[in-house]
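Please read the structure below before turning to the comments.
As the structure is a prediction and not an experimental result, all values here were calculated from the model.
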Amino acid sequence: MQDATVLLELLDQNSFDNALSLVLFQALDDYVDNNATESPFRVIVNSRVEQLTDLSSSNTSHNYDYLFTSSQYKGLLFSDHQPDVLCDLCKTIELIGYKHFGSILDLWARYECYRITGKACLERTKMGLCRDDNAYSGLIIDDISSQTSPVFSPFHDKPMSLAQAVVLSNLALFVIEQKWYEMLLSIDLSSKGQHFVLFFNQEGRHPLLVSSALVQDSHKLEHWLSLTPFFQHSGWQLIANQKACQLIADTGVIPSLPLHGASDLKQFDELCWPNLIEPEKVVEILRLTTAGRPTERMYILYLVQKRIAETFSSQGYKMILTIIDQPWLLLFYQGLSEGAYIHIAKMKINNSNNHTYRGAWLVEEFARQSLKHDFQSYKSIVAQQKQLKVV
């Protein structure tokens, strides 16, 4: 088979450049189009995760970045004593990923980018962003897959559909930069459904997507990332105290329940979210992207929170659930007065120095407080809280 021959030749290369990456991606395209009933990447990753879980139940509490750089994984990849769970072609793809990209996961991410751009690597374009809040427009779109007007992405020099731009931003920021590889298994969620988007309006050009966020309403509890096993297991410390539970109850979206009596996070979730009185007023917001240089990202982060709060408050939403490890966001929340944001649980993922928090915006109060701030006062709050070193 020609695809297999090309892949074996690529595996034998001592070094890898963009030209060889392009040859690899084209060979993968040919294989997927002509032979595969399921993505070879999905097959490889799911098979290895199952093997690693069988080797140690503790692996269920580790993320993919940890698992696919662990000694146990390398043992599966190179051992002659482990059972073969992959076909020869998938094994070759996996070895190419390990040898030339650092892991099969990074190869998968870059292949998904190629499928959108047709190029071997991402290109960060010069965006020329300004710090005038009025130059940006934010809105909720019920289904981004239905949007046909072209937009620009910070990661490509040609216009594309909004869905493509959102997926590309997710791949670049979360998967490649932050190594949140689990997203690859559900990257299709970033190409459809309800999203909040923030555009930089450019005179005479298509708008530039500078931020996006996936919105999941409570009619899709089974899809909430907050309620997946990884974000509920015993490694998470429930920190929602009695006051926080009362603030949740005060929104009116749940009945009066003894939430503060929950023994762990999973019990808390079982008491709370399936019993919503006004489910239409609660959403989970995830995959919040920003674009640009570090200073530009800080500004976009400030502005998109403000626009989300303003938009969702005006539409009557009461609570927004979040999963956050971004220090700037956490420091800003820490500087707000009581009643705007609450922590629900925290965990240091893979023994990180920083906690990841499951939390909630109490939308009306969050909007009231955040709308009072411009970028300068936002930065001042963050700087003041950073000196306190509480987060």
Which pair of non-hydrogen atoms, one from [X] and one from [Y], has the smallest distance, and what is that distance?
X	Y	answer
Cys245	Ala240	SG-O, 4.0 Å
Val43	Cys90	CG1-SG, 4.5 Å
Ala165	Val151	CB-CG2, 3.8 Å
Ser191	Ser145	O-CB, 3.4 Å
Leu168	Thr117	CD2-CG2, 3.9 Å
Leu221	Pro274	CD1-CA, 4.1 Å

For residues [X] and [Y]: do they belong to one hydrophobic cluster (side chain heavy atoms under 4.5 Å, members Ile, Leu, Val, Met, Phe, Trp, Tyr)?
X	Y	result
Leu184	Val166	no
Phe199	Leu288	no
Ile104	Leu20	yes
Leu209	Leu173	no
Ile141	Leu214	no

Between [X] and [Y], a side-chain donor and acceptor under 3.5 Å:
X	Y	answer
Ser21	Arg110	no
Glu365	Gln369	yes
Trp236	Gln232	no
Tyr302	Trp328	no
Asp374	Ser377	yes
Thr289	Ser212	yes
Asn46	Glu50	no

Under the 3.5 angstrom rule, does the side chain of [X] hit a backbone N or O of [Y] as a donor-acceptor pair?
X	Y	value
Arg48	Tyr73	no
Thr311	Ile308	no
Glu182	Tyr64	yes
Tyr317	Ala309	no
Trp224	Asp217	yes
Ser380	Gln376	yes
His355	Tyr357	no
Lys99	Gln13	yes
Gln202	Arg205	no
Thr322	Ile324	no

(request) Apply the test salt bridge (Lys or Arg N to Asp or Glu O under 4.0 Å) to residues Glu94 and Lys91: give CA-CA distance (whole Å), side-chain angles for both, the deciding distance (0.1 Å), then the verdict. (result) CA-CA 5 Å; Glu94 184 179 28; Lys91 189 68 179 289; 5.6 Å; no

(message) If you apply the rule side chain to side chain contact (heavy atoms under 4.5 Å, CB included), what do you find for Gln164 with His156, and how did you get there?
(response) CA-CA 11 Å; Gln164 288 177 316; His156 192 50; over 6 Å; no

Atom [atom1] in [X], atom [atom2] in [Y]: separation rounded to 0.5 Å?
X	Y	atom1	atom2	result
Thr228	His223	OG1	NE2	12.5 Å
Leu55	Gln72	CG	CD	5.5 Å
Tyr341	Leu247	OH	CG	13.0 Å
Ser70	Asp65	OG	CG	10.5 Å
Ser211	Arg297	OG	CZ	11.0 Å
Ile144	Ser161	CD1	OG	8.0 Å

Heavy-atom distance under 4.5 Å between the side chains of [X] and [Y], does that happen here?
X	Y	answer
Val363	Thr251	no
Phe16	Leu10	yes
Tyr136	Val304	no
Trp273	Phe268	yes
Ile44	Trp108	no
Met319	Leu362	yes
Leu371	Lys306	yes
Ile320	Phe366	no

(message) Between Arg368 and Glu364 (salt bridge meaning N to carboxylate O under 4.0 Å), is one present in this structure?
(response) no

(request) Verify the ring-centre separation between Phe200 and Phe152: is it less than 6.0 angstrom? (result) no

(message) Tell me if the centroids of the rings in His373 and Tyr378 come within less than 6.0 Å of each other.
(response)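 Ring centroids of His373 and Tyr378 are no less than 6.0 Å from each other.
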
(message) Run Ser137 and Asn201 through side chain to side chain contact (heavy atoms under 4.5 Å, CB included) and show every step you take.
(response) CA-CA 7 Å; Ser137 56; Asn201 301 310; 3.4 Å; yes

(request) Please report the C-alpha distance between Asn63 and Trp180 in whole Å, then the side-chain angles of each, then the deciding distance to 0.1 Å, and finally whether the side chain to side chain contact (heavy atoms under 4.5 Å, CB included) criterion is met. (result) CA-CA 8 Å; Asn63 68 10; Trp180 183 10; over 6 Å; no

(request) Could you label the plane-to-plane angle of the Phe312 and Phe196 rings as parallel, tilted or perpendicular, counting under 30° as parallel and over 60° as perpendicular? (result)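 Tilted, since the angle between the ring planes falls between 30° and 60°.
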
(request) Measure the acute angle between the ring planes of His62 and Tyr66, then classify it against the limits of 30° and 60° as parallel, tilted or perpendicular. (result) parallel

(request) Please assess Arg287 against Ser186 for the test side chain to side chain contact (heavy atoms under 4.5 Å, CB included), listing each intermediate value before the final yes or no. (result) CA-CA 12 Å; Arg287 305 186 179 188; Ser186 59; 2.9 Å; yes

Would you give me the side-chain donor-acceptor pairs under 3.5 Å for residues 22-30, sequence neighbours excluded?
from, atom 1, to, atom 2, distance (Å)
Asp29, OD1, Tyr111, OH, 2.6
Asp29, OD2, Tyr114, OH, 3.4

